[in-house]
Protein chains: 2
Amino acid sequence: MTGVKVKAGSAAVIDRTDTRIMAVLQAEGRIANVELARRVNLSPSPCLERVRRLEAAGLIRSYGAKLDAAALGYGTSAFIQVTLDRTTADVFDRFRDAVVLIDAVAECHMVAGGFDYLLKLRLKDMEAYREVLASIVDLPGVAQTHTYVVIEAIKHDSGLPLKA
Amino acid sequence: MTGVKVKAGSAAVIDRTDTRIMAVLQAEGRIANVELARRVNLSPSPCLERVRRLEAAGLIRSYGAKLDAAALGYGTSAFIQVTLDRTTADVFDRFRDAVVLIDAVAECHMVAGGFDYLLKLRLKDMEAYREVLASIVDLPGVAQTHTYVVIEAIKHDSGLPLKA
DNA sequence: GCTTTTGCCGCATAAAATTCGGGGAATGAC
DNA sequence: GTCATTCCCCGAATTTTATGCGGCAAAAGC
């Protein structure tokens, strides 16, 4: 054991092939390893090894099916801007802990510029919206909200623009 | 051929098992069919058949790997509200056609209430933001924009809340 | 130039996917 | 109530895929 390779943090080397693998998996998560290997010009064994490494390194977090929200009854979405009544750490913390528990809240981002949080809601209908809004207004620290209902989704989450 | 079952559109019957399958696949898209079958108390064959049916029906749109955006250099995101200079159909159309071509635009929603479009951007850094903003301001019909930079993502897209 | 390291290939084995035929329970006709 | 039909499910057989293991060749280090 002469020299131990010390890697700074997770600084694993990601080459062009890894990027292509991720690009393919991002679009076709359930593709067979054999086919994936073919796409990136590799034999199955090293290809699978790379996938495992990317997973272990956390670059590939997980895999998931993308479902048709509208067909499953979640055809409506909306964004809500939330302003808290004070900008102290505990107010933020309590809001965060509470907001993530609401199922209808698909995303929650703390933002700079005019208000404090921007939430994305996933709803069955407007009826559901009313109920959810009530829950949100009741969350700790909420001073005011402003809603923008999505009329049409022009572009859905398209994944990272990895250069193939 | 005595009676032809007339199904209204894609009104296939989705039972509890189908829902559970989708719930599992939403969280673990690359799970083996054998294991999925075990989870939903079914043998592999009918389980696979159900998955295929759900895919064919479009309820399962696709599968995809969820990548670590920050680790891949896309650690910054921002929302941009866009107001168009006129609300005529051709102005909207031209904007839509152009905005989807910008890689940095991860999502684009037409919204009701105050402005016209809400975009979600995925960026490498603030430097990149400047360039992207310039592109967006130059899009056809754009009258004004307002940006909200995400400081912290409290909750990411969590998928549909299917009751398991 | 030699040694070490790294990464790939190809084979062999185990596991999974996929296809088929058959059977049982619920549904509906009479 | 009985019989025919239909719908799903199961389990076995076959084809594909995943996966672990040497061994080789190119690249990097010294």
Side-chain angles (χ1 to χ4, degrees), chain A residues 1-67 162-164, chain B residues 1-66 71-72 162 164:
Chain A
M1 212 188 294
T2 50
V4 177
K5 278 287 174 55
V6 178
K7 291 180 181 173
S10 60
V13 181
I14 304 301
D15 63 17
R16 199 166 302 97
T17 303
D18 289 319
T19 303
R20 286 208 288 170
I21 286 175
M22 288 188 284
V24 172
L25 286 177
Q26 186 174 229
E28 296 174 53
R30 227 177 145 77
I31 190 175
N33 181 59
V34 174
E35 173 61 15
L36 173 60
R38 196 152 27 212
R39 299 270 188 96
V40 299
N41 295 314
L42 224 52
S43 67
S45 333
C47 183
L48 183 59
E49 191 188 330
R50 279 168 182 268
V51 172
R52 296 287 180 250
R53 194 192 326 153
L54 293 170
E55 289 170 354
L59 289 170
I60 296 177
R61 264 188 218 273
S62 65
Y63 300 89
K66 298 168 190 168
L67 307 180
L162 300 176
K163 53 272 178 186
Chain B
M1 217 190 292
T2 50
V4 177
K5 279 285 176 56
V6 178
K7 292 177 181 175
S10 59
V13 181
I14 304 301
D15 63 17
R16 201 166 302 97
T17 302
D18 289 320
T19 303
R20 286 206 289 169
I21 285 175
M22 289 189 282
V24 172
L25 286 177
Q26 186 173 230
E28 296 173 54
R30 225 178 147 79
I31 191 175
N33 181 57
V34 174
E35 173 62 16
L36 173 60
R38 195 150 29 208
R39 300 270 188 94
V40 301
N41 295 315
L42 224 53
S43 68
S45 340
C47 183
L48 183 59
E49 190 187 331
R50 279 167 181 269
V51 172
R52 297 284 181 252
R53 193 190 328 153
L54 293 170
E55 290 170 353
L59 289 170
I60 296 177
R61 262 188 218 273
S62 66
Y63 300 89
K66 298 168 188 168
L72 289 169
L162 300 176

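A quick note: this is a predicted structure, and the numbers were derived from the prediction, not measured.
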Is there a side-chain polar atom (N or O) of B:R52 under 4.0 Å from OP1 or OP2 of C:dT18? yes
Would you kindly give the CG-to-C1' distance between A:D15 and C:dT6, to the nearest whole Å? 12 Å
Ionic contact status for B:R30 with A:E55, cut-off 4.0 Å: no
Please determine if a side-chain N or O atom of B:R50 lies less than 4.0 Å away from the OP1 or OP2 oxygen of D:dC9. yes
Pair B:R38 + B:E35, salt bridge at N-O below 4.0 Å: yes
Side-chain touch A:L25/B:Y63, heavy atoms, less than 4.5 angstrom: no
Between D:dC9, C:dA16, C:dC9, spot the one nearest the side chain of A:P46, thanks. C:dC9
Within this structure, what is the CZ-to-C1' distance between A:R53 and D:dT19, rounded to whole angstrom? 16 Å
What is the distance, rounded to the nearest whole Å, between atom CG of B:N33 and atom P of D:dT15? 20 Å
Return the CZ to CG distance between B:R20 and B:D15, rounded to the nearest 0.5 Å. 9.5 Å
Select from A:T17 and B:R38 the residue whose nearest nucleotide in DNA chain C is closer to the 5' end of that strand. A:T17
Checking contacts here: which listed nucleotide (D:dT17, C:dA17, D:dC21) is nearest the side-chain heavy atoms of A:V34? D:dT17
B:L48 CG to D:dT14 P, straight-line distance once rounded to whole Å: 19 Å
Nucleotide of C:dT18, C:dT19, C:dG10 approaching B:S45 most closely (side-chain heavy atoms): C:dT19
Check every atom of C:dA17, C:dC9, D:dA18 against the side chain of A:S43 and return the nucleotide holding the closest atom. C:dC9
For A:E49 and D:dT17, give me the distance from atom CD to atom P, rounded to whole Å. 20 Å
Between C:dA17, D:dT19, D:dC9, spot the one nearest the side chain of A:P44, thanks. D:dT19
